[in-house]
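One structure is given below, encoded as structure tokens.
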2 protein chains.
Amino acid sequence: MTLTLDGRLAPLNWSPENCSIRRTLDLLGPASSILILREALYGTRRFDQFAERLGMSETSIAARLKQLTQAGVLERQQYREPGSRPRDEYVLTQRGEDLAPTLLALMQWGDCYLQEGPAPLHLVDAAGEPVRVAFQRADGTTVAPEELHLRSAQDL
Amino acid sequence: MTLTLDGRLAPLNWSPENCSIRRTLDLLGPASSILILREALYGTRRFDQFAERLGMSETSIAARLKQLTQAGVLERQQYREPGSRPRDEYVLTQRGEDLAPTLLALMQWGDCYLQEGPAPLHLVDAAGEPVRVAFQRADGTTVAPEELHLRSAQDL
DNA sequence: CCGTATCCACAACGATACTG
DNA sequence: CAGTATCGTTGTGGATACGG
């Protein structure tokens with residue numbers, strides 16, 4: 001596969017700076033931000049749980065949580081356990097949840113190419129059937145990678 | 001959505017270090033590696049083209065290309081234009097092409113949340129119909145994000 | 001429990017100059 | 001054209017100590 005950009009390698013109306021991939025990576029920040037989001041997707045919400053599960057220093061955790069909150073993919077929520085004072089926790093916003101395909105596509109690739117033995121986690125549906133990240137049309141039909149093309153907007 | 005890990009937030013048989021997302025990020029390296037791969041996916045192959053299109057220094061380009069080659073997602077290929085001496089170019093391996101869902105999921109998210117106005121590039125099939133990254137079962141049927149679960153391997 | 005402040009180490013990057 | 005060598009700057013992170 002090579003996404004042929006409709007046959008041209010450098011369309012005039014597309015510039016490498018005006019690129020959603022670059023802007024998304026800039027917004028999310030370093031790789032440790034992705035790991036924070038992975039934990040958030042798994043259900044981790046509290047500061048010390050992030051720190052413990054990721055094996056990162058509190059300094060880094062605080063910086064990443066603040067950055068991701070400002071980026072709008074996490075938000076602080078107050079909660080109160082009975083008998084305790086109110087605390088904050090960090091939960092995914094809709095924007096953050098929508099990063100799930102990206103994260104799970106990464107996981108899928110690593111499971112395929114970097115995992116020795118069976119993968120530790122499997123993505124399944126409500127009935128336990130395996131689920132994969134794939135390309136599909138609006139009607140839900142699958143698109144093979146060889147059929148993919150990138151079209152620049154002004155070609156329409 | 002929260003991927004409930006079958007109801008438990010920290011399954012005993014899964015550790016944050018043994019994680020395909022982390023290992024994949026470690027293998028690929030810094031964010032600029034992802035941008036290199038984006039260019040490779042678009043069809044860029046030659047050293048100076050990477051440097052020019054990404055606006056990065058030759059030092060960084062050389063380091064990233066070497067790293068990605070060692071990681072097995074790019075490989076050097078000799079080519080020879082008529083009348084020129086042979087040169088090297090960097091092309092995606094199968095491993096590298098299989099990162100397309102990850103990169104395009106990133107692009108899709110950025111198009112949705114960071115793009116002002118219409119996206120500059122559209123992912124389409126051979127007939128020009130729009131294509132998205134989505135979750136699906138082995139039989140091709142679509143899975144809604146709310147239906148997703150992560151199951152640890154030893155629960156089988 | 002949930003962070004912040006300070007200090008230090010290292011990795012990534014751009015700029016520049018240089019080689020086959 | 002396709003890199004390598006060196007330098008200086010910045011960003012990221014760990015360790016430690018400290019504050020609400």
Side-chain angles (χ1 to χ4, degrees), chain A residues 9-10 16-17 19 22-40 44-71 74-91, chain B residues 9-10 16-17 19 21-23 25-40 44-71 74-91:
Chain A
L9 294 183
E17 300 77 29
C19 165
R22 175 193 283 267
R23 283 207 299 264
T24 303
L25 292 171
D26 288 346
L27 182 79
L28 296 180
S32 53
S33 289
I34 311 285
L35 298 178
I36 295 268
L37 289 175
R38 180 200 74 188
E39 281 306 313
T44 301
R45 297 180 162 216
R46 286 163 57 171
F47 186 91
D48 62 330
Q49 288 293 317
F50 282 111
E52 179 190 348
R53 290 176 56 85
L54 291 170
M56 290 167 56
S57 69
E58 295 166 347
T59 315
S60 293
I61 296 289
R64 294 307 128 231
L65 289 175
K66 181 178 290 187
Q67 177 183 5
L68 291 170
T69 302
Q70 288 169 350
L74 291 180
E75 67 183 355
R76 295 174 79 119
Q77 283 186 4
Q78 274 210 349
Y79 73 105
R80 168 180 290 249
E81 286 182 4
S84 301
R85 60 179 172 80
R87 303 183 188 285
D88 277 338
E89 55 186 6
Y90 298 84
V91 298
Chain B
L9 295 182
E17 300 78 28
C19 165
I21 294 178
R22 175 193 284 267
R23 283 206 300 262
L25 291 172
D26 287 347
L27 183 79
L28 297 181
S32 53
S33 289
I34 311 286
L35 299 178
I36 296 267
L37 290 174
R38 178 200 76 187
E39 282 304 314
T44 302
R45 295 178 164 221
R46 285 162 57 172
F47 186 91
D48 61 331
Q49 289 293 319
F50 282 112
E52 180 190 348
R53 291 176 54 85
L54 291 169
M56 289 167 58
S57 68
E58 296 167 347
T59 315
S60 293
I61 296 289
R64 292 309 125 231
L65 289 176
K66 182 177 292 186
Q67 178 183 5
L68 290 170
T69 302
Q70 287 169 351
L74 291 181
E75 65 182 357
R76 295 174 79 121
Q77 283 187 2
Q78 273 209 350
Y79 73 104
R80 167 176 291 237
E81 286 182 4
S84 300
R85 60 179 171 81
R87 302 184 188 285
D88 276 340
E89 56 186 4
Y90 297 85
V91 297

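Atom CG in B/D88 sits about 11 Å away from atom C1' in D/dG3, given to the nearest Å. Atom CD in B/E52 sits roughly 15 Å away from atom C1' in D/dA2 (whole-Å rounding). Atom CG of A/L35 and atom C1' of D/dT12 are 14 Å apart (whole Å). The CG atom of A/L25 sits 18 Å away from the P atom of D/dG11 (whole-angstrom rounding). What separates CD1 of A/I36 from C1' of D/dT12 is a distance of 13 Å, to the nearest Å. Put simply, CG on A/L28 is 18 Å from P on D/dG11, counting in whole angstrom units.
Across all non-hydrogen atoms, the minimal contact from B/I36 to B/F50 is O-CE2, 3.6 Å. Across all their heavy atoms, B/A40 and B/L74 have their closest contact at CB-CD2, 4.1 Å. The two residues B/L68 and B/L28 have their closest heavy-atom pair at CD2-O, 4.1 Å.
With C/dC2, D/dT4, D/dA2 as the candidates, the nucleotide lying closest to the side chain of B/D48 is D/dA2.
Contact annotation: B/R76 reaches the phosphate of D/dG3 (side-chain N/O to OP1 or OP2, under 4.0 Å). The phosphate of C/dT4 (OP1 or OP2) has a side-chain N or O of A/K66 nearer than 4.0 angstrom. One finds no side-chain N or O of A/R46 lying less than 4.0 angstrom from the OP1 or OP2 phosphate oxygen of C/dC1. Phosphate proximity of C/dC1 to A/Y79: absent, as no side-chain N or O sits under 4.0 Å from OP1 or OP2.
The residue A/F50 sits apart from the nucleic acid: no heavy atom pair falls under 4.0 Å.
For B/E89, the salt bridge (Lys or Arg N to Asp or Glu O under 4.0 Å) criterion is met by B/R45, not counting sequence neighbours. Residues meeting the side-chain hydrogen bond (donor to acceptor under 3.5 Å, both in side chains) test with B/D48, sequence neighbours left out: none. In this structure B/R76 satisfies the salt bridge (Lys or Arg N to Asp or Glu O under 4.0 Å) test together with B/D88, sequence neighbours excluded.
Side-chain atoms of B/R38 and A/R22, non-hydrogen and from C-beta on, do get closer than 4.5 Å to each other. Counting only heavy atoms from C-beta outward, the side chains of B/L54 and B/T44 never approach each other to under 4.5 Å.
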Let me have a per-nucleotide readout for nucleotides 6-18 of chain C, 5' to 3', with B, S or -, counting only protein heavy atoms under 4.0 Å. ------SSBBB--

Would you tabulate the side-chain donor-acceptor contacts of residues 58-67 of chain A under 3.5 Å, counting partners in other chains and residues two or more places apart, or write 'none'?
from: A/S60; atom 1: OG; to: A/S57; atom 2: OG; distance (Å): 3.4
from: A/R64; atom 1: NH1; to: A/Q67; atom 2: OE1; distance (Å): 2.1

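Counting only Watson-Crick or G-U wobble pairs whose defining distances are both under 3.5 Å, the stems of 3 or more consecutive pairs in DNA chain C are C:3-20 with D:1-18.
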